[in-house]
Protein chains: 2
Amino acid sequence: MTNTTLKKISEVLGISISTVSRALKNHPDISTKTKQKVVELAQTLDYEPNANAVNLRTSNSKLFGVIVPSVSSYFYDSFIAALEEECRNNDYRLMILQSGDDPDIELNNVKLCRQNRVTGLFACLTPQTKDVHHFLKLNELNIPVVFFDKVPDIASCNKVCVADTDAASIAARAIRNKNKKNVLAIFGSKELSITKKRLEAFSKILNKNEVNFDLQFALNNDQAQKITEEALQKKNPPDTIFCMSDEILIGAMKAIQEANLSIPSEIGIIAISNGFFPKLYYPEITYVETSAYKLGKLAFTGMMACVAGTHFTQELTVQSLLIEGGSL
Amino acid sequence: MTNTTLKKISEVLGISISTVSRALKNHPDISTKTKQKVVELAQTLDYEPNANAVNLRTSNSKLFGVIVPSVSSYFYDSFIAALEEECRNNDYRLMILQSGDDPDIELNNVKLCRQNRVTGLFACLTPQTKDVHHFLKLNELNIPVVFFDKVPDIASCNKVCVADTDAASIAARAIRNKNKKNVLAIFGSKELSITKKRLEAFSKILNKNEVNFDLQFALNNDQAQKITEEALQKKNPPDTIFCMSDEILIGAMKAIQEANLSIPSEIGIIAISNGFFPKLYYPEITYVETSAYKLGKLAFTGMMACVAGTHFTQELTVQSLLIEGGSL
DNA sequence: AAGAACTCCGCAATCGTTTGCGGAATTGTT
DNA sequence: AACAATTCCGCAAACGATTGCGGAGTTCTT
């Protein structure tokens, strides 16, 4: 069987295509009887409008694109969930694209967005992305781009971020308040601006309070695990571990389990997290929430402002807050 | 600035639209010089073909849809990752849709797929889906549907599954081989056919070997945790815990950590899993792998067979295998 | 009763591509 | 030199919808 079209309906009913189209859209020009007939037939023939034809004609795709490194992450998936909710409520579709942290794929994804004439694009850069001109090209075409999480350094673009410095400060203060004296602080890649920001805020507070800390960097959970293992074997082991991200938390926790230390009596631990992984352990890990879900909501609000014409061209941030588990 | 079209290019160059179109597709009818001119201008004008127009004209969307309960899962995300890889290699796009386990949203997702004239659809049913006729409607329209993971009971459709019974059998045998005597077996929702299949195979083997086991059902990780907590407090606590899924594993592990039992000396644990969560713990959990990634690859192969005309209309399965951690 | 005002519908252009067909200009064949 | 074969390109029709405009028929006004 082939797809039902307006033409087919019009032929069966012996009326024009335009009338069918208007009838289905409940246009006032069409009589009630005609509308009934049309709607009924469309029903039985299982008519579904061809989205390609509609988009082509109206040049309004009602489609947003979103580029994330990977959907397999308990951060970006929350972000996407938030976007999807909003899209559903506002009658938009969402095209989800994964860059795999590969700039070439990222470039191709942007191309796909252009080819599909997205109304707007949410983008999280790969760590390797130096050149963002293909994104800025979209702005020339009046396609708003809202960057999130990993955003470009340039000022003239829309970005939404989690409050990185705040999150680190909150964690640092929590550590100080517990009178911890010897902290193992594990951060992510030195290259990332997010790392720099968090590190700066974190060390500022600990230094001011004369809390001693061992600064380490890990690119993945295995490295974090190794670092933690080694630290725990020192003669002067840390009394607290700070983890800049979920990935690092996972590695550190594995090492703690291996050393069979009990939390929080033998060692304390605190992380910056979206909230899923801290709840996996007993006791649940105390963490500073940087909510990807809220970030998604914020990004969408910003996007809608852009679409409505109110460009914001600025950095919006979602606040961080301390979620007390039992690990510190 | 507005989007570049074939028309614009043709006007600048003073040639016809058809020539531009053919030149960009490297058609033999077009002279080398013309091709050069066209390609060059298209480059500088940053031409991107309008996907809607192309799809409309060719009625070949080169687009697959995939409906999952949620991308936030270390099962479906692997599945999607596999699909995406294959799509990229075969020059297809993937439309990712989430049902949130809501049959209404599922229905709407199917509608979206139809409106966008997908070439084929990969679908995982919600547990509540009784009526699959909207899926079968797609087949009438010559749109192949490949069900995966949660598949309908009816025979006349294409399905790919993990080897449920095998996985459970392998786990049961592993338990027997370790001479375990008292097993706490936690399964998922009784309603799910996947639960029934796994349970049947599992109990068959343990019964045959006269291994005693306490059968429990948990709908989420919290319930699994409670169940485990209670079991551990009995005067005759289990020496082994079997977890039918990652979600259950998470709950059980939390309870074990709470009870401060060491693995595997004080208690053994084994799960059926896609492989991510077992590696989160120390020692790593022994599990039977039901690979979503392999499932995705298999589903894609099946889909391509359908698209090529070779309907398979049968159930394909990916094999399970035991991955030894240190938890049993 | 005759013009005004409505009701209701169809014509045809348009969105941006693709592609079968035909034809002018060039080249090759005897 | 006459004819055939190539080479290269344009015309125009589709794909399936939306929408401004105009017009036939009906009802309302005075």
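Reminder, nothing fancy here: chain letters follow the sequence lines and each chain counts from 1. Values below: all heavy atoms of this structure, side chains included; hydrogens, waters and symmetry mates excluded.
Between A/H27 atom NE2 and D/dC21 atom P the separation is 13 Å, expressed in whole Å. In this structure, the CG atom of A/D29 is 11 Å from the C1' atom of D/dG20, given to the nearest Å. Protein atom NZ of A/K62 is 17 Å distant from nucleotide atom C1' of D/dA17, rounded to whole Å. For the pair A/L13 CG and C/dG10 P, the computed distance is 10 Å after rounding to whole Å. Regarding B/K25, its NZ atom lies at a distance of 9 Å from the C1' atom of C/dT17, rounded to whole Å. Rounding to whole angstrom units, CD1 of residue B/I15 and C1' of C/dA24 are separated by 17 Å. The nearest whole Å value for the distance from the CG atom in B/N26 to the P atom in D/dC8 is 13 Å. In this structure, A/N3 places its CG atom 8 Å from P of D/dG16, rounding to the nearest Å.
Listed pair B/T5 / C/dC15 fails the phosphate criterion, with no side-chain N or O lying under 4.0 Å from OP1 or OP2. Contact check, A/T34 against C/dC9: a side-chain N or O comes under 4.0 Å of OP1 or OP2.
Of the two residues contacting DNA chain D, namely B/R117 and A/R22, the nearest-nucleotide position lying further toward the 5' end is that of B/R117. Each of B/T19 and B/S59 was matched to the nucleotide of DNA chain D holding its nearest heavy atom; the match closer to the 5' end belongs to B/T19.
Listed by chain and residue number, B/R88 satisfy the salt bridge (Lys or Arg N to Asp or Glu O under 4.0 Å) test with B/E84 (two or more places apart in sequence, or in another chain). The side-chain contact (heavy atoms from CB on, under 4.5 Å) check on A/S21 picks up A/L6, with sequence neighbours excluded. Taking A/E48 as the reference, B/K111, B/R114, B/Q115, B/R117 meet the side-chain contact (heavy atoms from CB on, under 4.5 Å) condition, with sequence neighbours excluded. For A/F135, the ring-ring contact (aromatic ring centres under 6.0 Å, His included) test picks out A/F147, with sequence neighbours left out. Residues passing the side-chain contact (heavy atoms from CB on, under 4.5 Å) test with B/N60, sequence neighbours excluded: B/T58, B/K62, B/T119.
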Report, as a single string ordered 5' to 3', how protein heavy atoms within less than 4.0 Å touch nucleotides 23-28 of chain D: B base, S sugar-phosphate only, - not at all.
------

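You'll find the side chain of B/F300 reaches within 4.5 Å of the side chain of B/N90, heavy atoms only. Using a 4.5 Å cut-off on side-chain heavy atoms (C-beta onward), B/V151 and B/D149 make no contact. Counting heavy atoms from C-beta on, the side chains of A/V318 and A/V160 never come closer than 4.5 Å.
Within the structure, the salt bridge (charged side-chain N to carboxylate O under 4.0 Å, His left out) test picks out the following pairs touching residues 294-303 of chain A (sequence neighbours left out): A/E85-A/K297, A/E86-A/K297, A/E289-A/K294. Sorted by first and then second residue, the salt bridge (charged side-chain N to carboxylate O under 4.0 Å, His left out) pairs involving residues 11-28 of chain B (not counting sequence neighbours) form an empty list.
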Please list every donor-acceptor pair under 3.5 Å in which a side-chain atom of residues 34-41 of chain A meets a protein atom from a residue at least two apart or in another chain.
unit_1: A/T34; atom_1: OG1; unit_2: A/S31; atom_2: OG; d: 2.7
unit_1: A/K35; atom_1: NZ; unit_2: A/N26; atom_2: OD1; d: 3.1
unit_1: A/K35; atom_1: NZ; unit_2: A/H27; atom_2: O; d: 3.1

Which pairs would a plain distance check flag for residues 122-132 of chain B, meaning a side-chain donor or acceptor within less than 3.5 Å of a matching protein atom at least two apart in sequence or in another chain?
unit_1: B/T126; atom_1: OG1; unit_2: B/Q128; atom_2: N; d: 3.2
unit_1: B/T126; atom_1: OG1; unit_2: B/T129; atom_2: N; d: 3.1
unit_1: B/T126; atom_1: OG1; unit_2: B/T129; atom_2: OG1; d: 2.6
unit_1: B/T129; atom_1: OG1; unit_2: B/E106; atom_2: OE1; d: 2.7
unit_1: B/T129; atom_1: OG1; unit_2: B/E106; atom_2: OE2; d: 3.3
unit_1: B/T129; atom_1: OG1; unit_2: B/T126; atom_2: N; d: 3.4
unit_1: B/T129; atom_1: OG1; unit_2: B/T126; atom_2: O; d: 3.4
unit_1: B/D131; atom_1: OD1; unit_2: B/H133; atom_2: N; d: 3.1
unit_1: B/D131; atom_1: OD1; unit_2: B/H133; atom_2: ND1; d: 3.3
unit_1: B/D131; atom_1: OD2; unit_2: B/H133; atom_2: ND1; d: 2.9

Distances under 3.5 Å between protein N/O atoms and the N/O atoms of nucleotides 12-14 of chain C, please, pair by pair.
unit_1: C/dT14; atom_1: O2; unit_2: A/R57; atom_2: NH1; d: 3.0

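Contact annotation for B/K7: no contact, since no heavy-atom pair falls under 4.0 Å across all strands.
Each of D/dC21, C/dT19, C/dT17 was ranked by its minimum atom distance to the side chain of B/L6; first place goes to C/dT17.
Scanning residues 35-56 of chain B for heavy-atom distances under 4.0 Å to DNA chain D yields B/L56.
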